[in-house]
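Data block below; observations after.
Atom set for the values below is all heavy atoms of this structure, side chains included, hydrogens, waters and symmetry mates excluded. This chain uses plain numbering: 1 for the first residue, then up along the sequence. Just so we're clear, the structure is a prediction, and the values are computed from it rather than from any experiment.
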Amino acid sequence: MAKPSYPELDVFLDAMWIQRGLSDNTLQAYRTDLTKLFDWLAKQNINLAAVSTADIQHYLSLRHEQGLKARSTARALSTMRRFFQYAVAQQWLTVNPMALIENPKLPKPLPKSLSEQQIELLLAAPNPEIAMELRDKAMIELMYATGLRVSELVNMTLSDVSLRQGVVRVTGKGGKERIVPMGEEALHWLTSYVQLARAELLKGCDSDAMFPGRQGNSMTRQTFWHRLKHYATRAGLQSLPSPHMLRHAFATHLLNHGADLRVVQLLLGHSDLSTTQIYTHVANARLQQVHAQHHPRAQG
């Protein structure tokens with residue numbers, strides 16, 4: 001049995017290729033999504049010119065009943081919106097049935113993080129007997145202890161740090177300043193680095209950069225990422241972490257150990273608590289695991 005042909009679909013895809021230069025993969029995804037819609041419309045004996053908002057809603061509800069994921073439906077909706085906008089422009093129909101259709105709310109992806117055991121392996125990877133690696137260890141310790149953004153870390157100056165008070169002054173997004181305690185371990189390694197390795201790395205250069213690169217200027221974000229991946233490989237970590245994963249680990253591990261969400265918000269420099277709340281999903285999963293393992297009535 002021959003597959004039904006949809007000339008409007010071919011015209012639309014040709015127009016998208018000419019007007020927008022879409023890739024073959026994107027055009028094929030468009031064809032797949034729209035063919036499924038057209039097949040359903042044909043089974044319902046609904047002509048393209050007569051498609052209504054109710055028809056589209058019925059079709060979307062069937063997709064939901066079939067267990068299709070929200071992200072897949074969101075992609076199909078985007079394709080359908082573009083097609084029906086084109087169809088109205090071509091006067092194939094007079095009213096856009098997608099005009100009142102809302103996109104599904106997509107769940108926010110959980111940030112990738114590192115376990116406490118993985119962090120310990122990473123922190124133990126640099127050799128503090130080597131000046132460059134002592135610098136790197138101080139940076140990794142400080143980032144994990146404070147949750148700094150990588151740009152905040154590499155742009156840090158000597159005047160941003162108070163070793164006596166054990167705090168760092170951070171200028172975050174929008175020029176907002178915050179004071180973050182660094183903890184005993186990070187303070188120890190940062191002090192060791194400043195006293196034993198920083199001058200050796202500078203080689204007589206005059207620089208205010210806390211973590212200078214080879215030219216005495218602040219280290220770049222890309223260089224720090226490269227160094228981090230180097231130590232992750234040395235530590236035997238299967239997935240190579242990004243600097244942002246250290247920030248995620250900082251927040252997640254604080255919450256796992258009972259920190260208040262608003263305190264974590266202040267430490268991270270989030271202006272809106274809702275930005276911080278994504279970490280509660282990670283922490284809650286850990287709490288459920290602990291409850292299942294240790295609560296006397298959680299055992300089967």
Say whether, by atom type as modelled, one donor and one acceptor occur between the side chain of Thr79 and the main chain of Arg75 under 3.5 angstrom. yes
Could you go step by step and tell me if Val170 and Thr146 meet the side-chain contact (heavy atoms from CB on, under 4.5 Å) rule? CA-CA 10 Å; Val170 184; Thr146 58; over 6 Å; no
Look at atom CZ of Arg214 and say whether more than 12 heavy atoms of other residues, nucleotides or ligands are closer to it than 6.0 Å. no
Is it true that a side-chain atom of Arg221 and a backbone atom of Val150 form a donor plus acceptor pair closer than 3.5 Å? no
If you round to the nearest 0.5 Å, how far is OG1 of Thr191 from CD of Glu184? 11.5 Å
When you measure from the side chain of Arg247 to the backbone N and O of Gly147, does any donor-acceptor pair fall under 3.5 Å? yes
dist Leu190:CG -> Met156:CE (nearest 0.5 Å) comes out at 8.0 Å
Starting from Ile101, can I reach Val95 by hopping between I/L/V/M/F/W/Y residues whose side chains sit under 4.5 Å apart? no
So do the side chains of Leu77 and Leu60 get within less than 4.5 Å of each other, counting heavy atoms only? yes
Gap between atom CG of Leu142 and atom CD of Glu185 - 0.5 Å precision: 12.5 Å
Quick check: do Leu201 and Arg198 have side-chain heavy atoms less than 4.5 Å from each other? no
At their closest point, which heavy atom of Ala249 faces which heavy atom of Ile119, and how far apart are they? CB-CD1, 4.0 Å
Should Thr171 and Glu152 count as side-chain neighbours, where that means a heavy-atom distance under 4.5 Å? no
The residue among Val168, Val161, Thr157, Leu153 that forms side-chain contact (heavy atoms from CB on, under 4.5 Å) with Met210 is Val161
In this structure, would Leu163 and Leu148 fall into the same cluster of hydrophobic residues linked by side-chain contacts under 4.5 Å? yes
Contact between Ser159 and Asp208 at the side-chain level, heavy atoms closer than 4.5 Å - yes or no? yes
If every non-hydrogen atom of Asp33 is compared with every non-hydrogen atom of Ala76, which pair is closest and at what distance? OD2-CA, 3.7 Å
Using only atom types and a distance under 3.5 Å, with no angle test, would you say the side chain of Arg135 pairs donor to acceptor with the backbone of Ala197? no
Can you confirm whether more than 12 heavy atoms, excluding those of Trp92, are under 6.0 Å from its CH2 atom? yes
Can a donor-acceptor pair be found, under 3.5 Å and without considering hydrogens, that links the side chain of Lys137 to the backbone of Leu123? yes
Heavy-atom nearest pair, Val167 first then Pro181, reads CG1-CA, 4.0 Å
Donor-acceptor side-chain pairing of Arg227 and Tyr231 below 3.5 angstrom: yes
For the residue pair Phe84 and Leu93, establish whether any side-chain heavy-atom pair is separated by less than 4.5 Å. yes
Any side-chain heavy-atom pair from Met219 and Asp136 closer than 4.5 angstrom? yes
Neighbour count above 12 (heavy atom, 6.0 Å) for Gln238 CD: no
Spacing of OG belonging to Ser52 relative to CG belonging to Leu100, to within rounding of 0.5 Å: 11.0 Å
Determine the sole option in Tyr6, Phe38, Tyr30 for which the ring pair (Phe, Tyr, Trp, His ring centres under 6.0 Å) test with Phe83 is passed. Phe38
Mind checking the CD1-CG spacing from Ile46 to Asp55? Nearest 0.5 Å is all I need. 3.5 Å
Could you check whether any side-chain heavy atom of Leu37 comes within less than 4.5 Å of a side-chain heavy atom of Tyr59, counting everything from C-beta outward? yes
Look at the aromatic rings of Tyr193 and Phe211 and report parallel, tilted or perpendicular, splitting at 30° and 60°. parallel
Does Thr53 reach the main-chain N or O of Pro97 with its side chain, forming a donor-acceptor pair under 3.5 Å? yes
When rounded to the nearest 0.5 Å, the distance separating CH2 of Trp189 from CE of Met182 is 15.0 Å
Hey, is the main chain of His58 close enough, under 3.5 Å, to the side chain of Ser61 for a donor-acceptor pair? yes
Identify the two heavy atoms, one from Pro243 and one from Met143, that lie closest to each other, and give their separation to 0.1 Å. O-CE, 3.2 Å
Leu48-Val11 co-clustered via ILVMFWY side chain contacts under 4.5 Å: yes
Single-linkage hydrophobic cluster, 4.5 Å side-chain cutoff, Leu158 and Leu134 together: yes
Six-ring centre of Trp40, Lys36 cation under 6.0 angstrom, axis tolerance 45°: no
In the structure I gave you, are the side-chain heavy atoms of Arg31 and Gln28 within less than 4.5 Å of one another anywhere? yes
Please report the closest heavy-atom contact between Ser207 and Ala209, naming both atoms and the distance. OG-N, 3.1 Å
Path from Leu196 to Leu187 over hydrophobic side-chain contacts below 4.5 Å: yes
Here the pair of heavy atoms bringing Pro241 nearest to Met245 is CA-SD, 3.6 Å
Step-by-step side-chain contact (heavy atoms from CB on, under 4.5 Å) determination, Leu114 to Thr252: CA-CA 9 Å; Leu114 295 166; Thr252 303; over 6 Å; no
Can you tell me how the ring of Tyr144 sits relative to the ring of His253, calling it parallel under 30°, perpendicular over 60° and tilted otherwise? perpendicular
